Amino acid sequence: MGISADQPERNLAWTKRLNLPFRLLSDVGPPGRVSRFYGAWDDLWGLSRRATFIIDRLGRVRWAEAGRSAIDTGRALDALRELAATK
């Protein structure tokens, strides 16, 4: 899933426009609550920074990447493959 500080209707529009195979959840109440928890909230701009996290079933962050490149799914998929191979 993806999480964004945008309103639900905007996330739905992005999901459709980009034909995303997953849902975008809205981190709006209170704004940035989940983003703050994972250290991805930018207080200066009042928005979530781009970040990708792989979180296991126990809620542990197993891989993370922040910044512009975080929207490249290739590295996240490679990390998932590596994690799956270690089990």
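On a predicted model such as this, the values are computed, not experimentally measured, just so you know.
Among all heavy-atom pairs drawn from W41 and A5, the shortest one is CZ3-CB, 3.8 Å. Taking both residues in full, the closest heavy atoms of F53 and Y38 are given as CZ-O, 3.5 Å, listed atom of the first, atom of the second, then distance. The two atoms that bring L24 and I3 nearest to each other are CD2-N, 4.3 Å, heavy atoms only. Shown here for A76 and T52, the closest heavy-atom pair between the two residues is CB-CG2, 4.0 Å. Contact between N11 and L25 at its shortest, heavy atoms only, is ND2-O, 3.4 Å.
The side-chain contact (heavy atoms from CB on, under 4.5 Å) check on V28 picks up Q7, S26, with sequence neighbours excluded. Remark: R36 pairs with D43 by the salt bridge (Lys or Arg N to Asp or Glu O under 4.0 Å) rule, at least two apart or across chains. Among residues two or more places apart in sequence or in another chain, the salt bridge (Lys or Arg N to Asp or Glu O under 4.0 Å) test is passed with R60 by D56.
Note: L77 CG to R81 CZ = 5.0 Å, rounded to the nearest 0.5 Å.
Of the possible polar contacts, one joining the D27 side chain to the R33 backbone as a donor-acceptor pair under 3.5 Å is found. Of the possible donor and acceptor atoms, none in the side chain of R62 sits under 3.5 Å from a partner among the backbone N and O of L80.
Under the 4.5 Å side-chain contact rule for hydrophobic residues, V34 and M1 share a cluster. A chain of hydrophobic side-chain contacts below 4.5 Å, direct or via other Ile, Leu, Val, Met, Phe, Trp or Tyr residues, connects L47 to L44.
The pair D78-R75 does not meet the salt-bridge criterion, since no charged nitrogen lies less than 4.0 angstrom from a carboxylate oxygen.
The 12-atom threshold is exceeded at CZ of F22, counting heavy atoms of other residues, nucleotides or ligands nearer than 6.0 Å.
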